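The structure under discussion appears below in the form of structure tokens.
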Amino acid sequence: MSLQKVPIFKSGNILTHEMLDSLKNQTMNVEEMSYLGYSDGVLKGCNITTAQGALIVGKGIIIVKSKLYYNQNDVVLHIQPTNSMQVIVVRASEEEINLDFAVREVKIMVVAESNIVAPLSA
């Protein structure tokens with residue numbers, strides 16, 4: 001049997017850390033469960049446009065190592081013309097957890113196709 005705790009917000013109740021944690025966990029779990037079984041890659045958005053000497057990856061949602069990453073700002077990737085294939089790659093570091101946050105670095109970059117090593121999200 002599992003226990004489900006849902007905080008009740010009403011006049012006179014004091015907001016506690018336990019209540020906030022419960023809300024956060026429910027929201028994150030529902031969001032991630034919506035995309036269970038999806039492989040790594042662009043989930044929504046991330047439209048690619050061009051500008052003089054650059055590719056621009058727009059806002060969107062990406063799955064990296066089975067975790068959701070929200071690209072909240074346009075990412076400008078400066079490119080140089082070459083005679084080889086270049087690809088856009090998303091790489092994520094391992095998650096580091098401290099007292100306040102779970103942090104991981106996610107990079108979007110352009111690399112020569114010959115420089116790609118599996119897995120792409122390593």
Side-chain angles (χ1 to χ4, degrees):
M1 179 162 87
S2 65
L3 179 66
Q4 181 181 10
K5 293 171 78 173
V6 178
I8 298 174
F9 297 99
K10 64 181 180 181
S11 179
N13 276 13
I14 296 173
L15 183 63
T16 65
H17 287 285
E18 183 181 9
M19 294 167 84
L20 288 174
D21 284 343
S22 175
L23 279 179
K24 174 196 67 103
N25 291 339
Q26 287 178 20
T27 312
M28 293 300 287
N29 289 341
V30 167
E31 183 74 11
E32 287 189 7
M33 287 173 60
S34 299
Y35 303 111
L36 273 177
Y38 281 61
S39 60
D40 288 0
V42 173
L43 186 59
K44 185 171 189 167
C46 297
N47 295 331
I48 298 173
T49 56
T50 59
Q52 186 68 33
L55 292 174
I56 302 165
V57 180
K59 299 175 184 178
I61 303 172
I62 303 169
I63 297 179
V64 182
K65 293 186 177 180
S66 302
K67 298 264 186 187
L68 295 179
Y69 166 68
Y70 298 91
N71 183 32
Q72 298 178 352
N73 300 306
D74 291 349
V75 176
V76 178
L77 304 169
H78 297 285
I79 55 172
Q80 297 293 323
T82 65
N83 288 330
S84 63
M85 180 76 77
Q86 298 181 50
V87 294
I88 298 173
V89 176
V90 179
R91 296 191 190 261
S93 67
E94 291 300 319
E95 199 170 66
E96 295 179 23
I97 299 174
N98 62 36
L99 291 176
D100 297 320
F101 298 100
V103 180
R104 68 189 166 129
E105 183 180 22
V106 178
K107 291 182 183 179
I108 300 174
M109 62 187 107
V110 174
V111 298
E113 187 177 38
S114 60
N115 292 341
I116 296 176
V117 292
L120 291 179
S121 57

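Worth saying up front: this structure is predicted, and the values here are computed from it rather than measured.
Between A54 and V76, the closest heavy-atom pair is CB-CG1, 3.9 Å. Residue M109 comes nearest to R91 through the heavy atom pair CE-CD, 3.6 Å, listed as atom of the first residue, atom of the second, then distance.
To the nearest 0.5 Å, the span separating OH on Y38 from CD1 on I61 amounts to 11.0 Å. For the atom pair CD1 of I88 and CG of L77, the computed distance is 6.0 Å after rounding to the nearest 0.5 Å. Summarising the geometry, atom CG belonging to L55 is positioned 10.5 Å from atom NE2 belonging to H78; distances are rounded to the nearest 0.5 Å. Atom CZ of R104 sits about 9.5 Å away from atom CD of E94, to the nearest 0.5 Å. Rounding to the nearest 0.5 angstrom, the gap separating the OH atom in Y69 from the CG atom in L43 is 14.0 Å. The distance from atom SG of C46 to atom CD1 of I62, rounded to the nearest 0.5 Å, is 4.0 Å.
Here the options are I56, D74, V57, the test is side-chain contact (heavy atoms from CB on, under 4.5 Å), and the partner is T49; only I56 passes.
Proximity of I63 to L68: side-chain heavy atoms (C-beta onward) are separated by under 4.5 Å at one or more points.
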